J.: 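One structure is given below, represented as structure tokens, and several questions about it will come after.
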Amino acid sequence: MKIVLPGGSGQVGTVLARAFHAEGHEVVVLSRQPDMTRLWRVVSWDGATVGPWAAELDGATAVINLAGRIVDCRYTPENRRQILRSRVDSTRAVGLAIAACARPPATWLQAATATIYAHRYDAPNDEATGLLGGAERGVQRGAPDTWRFSTEVAQAWEAALNEAPTPHTRKVALRSAMVMSPDPGGIFDVLLKLVRWGLGGPAAGGRQYVSWIHDHDFIRAVQWLLTHPHLTGPVNLASPNPLPYKDFMRGLRHATGTPFGLPATCWMLEIGAWLMRTETELVLKSRRVVPGRLLADGFTFGFPNWDAAAVDLVARRRQVVA
């Protein structure tokens, strides 16, 4: 297969590119800052307009668009603009490039986010539940009004995918939870540092749910979607067992042999988020997401439970830094 990965120079893109390359597939990453040291080809693009890079899509097996500015930042007006535009503009550009192909790719997997679902504690959200639309668009019960932005970005992102004129290309929105990988610089790395600094206790009580997926299962789920052409539309990429933050961090402490983790109150989190130039929503929003469509289609998870996943990730992380 020829797999084209727009925005594939980040951690999740590298996880996928490495896996496809290891299996002998042709991998092409589209990046604003081409890195020629990679084992696969890297082609320049601006993430917003159709350019010479579009030729890579013609005849490709699949496009997996992962482009989007990181959300681990303060939501200033300029950062909000960049977060939204980087997602919508890149999705539209990929759609226009596919539409112009003489031999369009059979499949377009488009990054999306589990943040599209409601903040809730009471029940899990599969692809058919927990969406916010109509009069409730962007509004979440029990959630601060400032969280509206993230949900609206998620909705606009998928709208750009749905509006793309690609009748000969199957489209799938990857509503992904946090991808846990032992590679440096990702979310697992951040959580690991918190635990090792003694800060891996409950946050604001710790009952908010954490949705996650082990990197091996993420890779396998993407491969499953590429080889099961009847699956279209939104698909949740998340472990079938999300769990409260306090239990999530307890599992990570056990995996690292850390005996305790200091709890943090809301006001402590606000100060910490300000110092780290990020937002408390990333910790406090309850994301209770389950992979309804994958499970119904027969997909099985290698790491369905966090405790075993944490042990594996910690062991592999030690190998990375050894």
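All values derive from a computational prediction rather than experimental measurement.
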J.: Ignoring hydrogens and angles, tell me if any N or O in the side chain of Arg317 forms a donor-acceptor pair with the backbone of Pro182 under 3.5 Å.
T.: yes
J.: Answer yes if the side chains of His216 and Asp312 hold a donor-acceptor pair under 3.5 Å, and no otherwise.
T.: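 Result is no, nothing qualifies.
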J.: How close do Glu127 and Arg175 get, heavy atom to heavy atom, and via which atoms?
T.: O-NH1, 3.8 Å
J.: Looking only at heavy atoms, which two atoms of Asp307 and Gly251 are closest? And how far apart?
T.: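 It is OD1-CA, 3.5 Å.
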J.: Does the side chain of Glu23 pick up a donor-acceptor pair with the side chain of Gln223 at under 3.5 Å?
T.: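 On atom types as modelled, these side chains qualify, holding a pair under 3.5 Å.
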J.: Taking the ring of Phe299 and the ring of Phe301, is the distance between their centroids below 6.0 Å?
T.: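 Yes - the distance between ring centres of Phe301 and Phe299 falls below the 6.0 Å cut-off.
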J.: Could you check whether the rings of Trp45 and Trp53 sit parallel, tilted or perpendicular, using 30° and 60° as the cut-offs?
T.: perpendicular
J.: Given side chain to side chain contact (heavy atoms under 4.5 Å, CB included), test Ser181 with Gln11 step by step and report yes or no.
T.: CA-CA 8 Å; Ser181 161; Gln11 189 195 36; 3.8 Å; yes
J.: Between Arg87 and Ala67, is there a donor-acceptor pair closer than 3.5 Å when you use the side chain of the first and the backbone of the second?
T.: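 The answer is no, because no donor-acceptor pair under 3.5 Å joins these two groups.
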J.: Specify the closest pair of heavy atoms between Asn241 and Pro304, including all atoms of both residues, with the distance to one decimal.
T.: ND2-O, 2.9 Å
J.: Quick check: closest heavy atoms across Pro229 and Thr232, and the distance to 0.1 Å?
T.: O-CG2, 4.3 Å
J.: Counting only heavy atoms not in Arg207, do more than 12 sit closer than 6.0 Å to its CZ atom?
T.: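 Count not over threshold, so no.
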J.: Do you know the tightest heavy-atom contact between Ser86 and Ile83?
T.: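 Smallest heavy-atom distance, with atoms named: OG-O, 3.1 Å.
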J.: Between CG of Leu252 and OG1 of Thr258, what distance do you get to the nearest 0.5 Å?
T.: 7.5 Å
J.: Trp157 and Gln155: side-chain donor and acceptor closer than 3.5 Å?
T.: no
J.: Salt bridge check: are Asp183 and Arg18 linked by an N-O gap of less than 4.0 Å?
T.: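 Yes, charged N to carboxylate O under 4.0 Å.
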J.: On the 0 to 90° scale, with breaks at 30° and 60°, tag the His228-His230 ring pair as parallel, tilted or perpendicular.
T.: perpendicular
J.: Grab the two heavy atoms, one from Leu284 and one from Gln208, that are nearest each other, plus how far apart they are.
T.: O-CB, 3.5 Å
J.: Distance from Met178 atom CE to Asp215 atom CG, nearest 0.5 Å?
T.: 13.5 Å
J.: What's the separation between atom CG in Leu294 and atom CG in Leu225, rounded to the nearest 0.5 Å?
T.: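 If I round to the nearest 0.5 Å, the distance is 6.0 Å.
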J.: Using 30° and 60° as the class limits, which term best fits the ring planes of Trp306 and Phe248: parallel, tilted or perpendicular?
T.: parallel
J.: Restricting to salt bridge (charged side-chain N to carboxylate O under 4.0 Å, His left out), what partner residues turn up for Arg220, sequence neighbours left out?
T.: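 Residues passing salt bridge (charged side-chain N to carboxylate O under 4.0 Å, His left out) with Arg220: Asp217.
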J.: Within a strict 4.5 Å, meaning less than it, do heavy atoms of the Val210 and Pro242 side chains meet?
T.: no
J.: Taking atom types as modelled, is there a side-chain donor on Arg196 or Thr256 under 3.5 Å from an acceptor on the other?
T.: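 Their side chains do not contain a donor-acceptor pair, so the 3.5 Å distance test is not met.
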J.: Between Arg69 and Asn79, do the side chains contain a donor N or O and an acceptor N or O under 3.5 Å apart?
T.: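 Their side chains do contain a donor-acceptor pair, which is all the 3.5 Å distance test asks for.
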J.: Under 6.0 Å between ring centres, would you say that holds for His119 and Tyr121?
T.: yes
J.: What verdict does the ring-ring contact (aromatic ring centres under 6.0 Å, His included) test give for Tyr75 and Phe149, after you've listed the backbone C-alpha separation in whole Å, the side-chain angles of each residue and the deciding distance to 0.1 Å?
T.: CA-CA 9 Å; Tyr75 287 173; Phe149 168 71; 5.4 Å; yes
J.: Could you tell me the separation between the CE atom of Met268 and the CG atom of Leu199, rounded to the nearest 0.5 Å?
T.: 8.0 Å
J.: Return the CG to OG distance between Leu84 and Ser150, rounded to the nearest 0.5 Å.
T.: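 Output value for this atom pair is 11.0 Å.
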J.: Is a side-chain N or O of Ser211 found less than 3.5 angstrom from the main chain of Arg287, in a donor-acceptor match?
T.: yes
J.: State the CE-CG distance between Met249 and Leu243, to the nearest 0.5 angstrom.
T.: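 Met249 CE to Leu243 CG: 11.0 Å, rounded to 0.5 Å.
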J.: Classify the side-chain pair Arg288/Tyr117 by whether it contains a donor and acceptor separated by less than 3.5 Å.
T.: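 Checked: Arg288/Tyr117 side chains show no N/O donor-acceptor pair below 3.5 Å.
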J.: Is it the case that the side chains of Ser286 and Arg120 hold a donor-acceptor pair, with the cut-off being a distance below 3.5 Å and no angle test?
T.: no
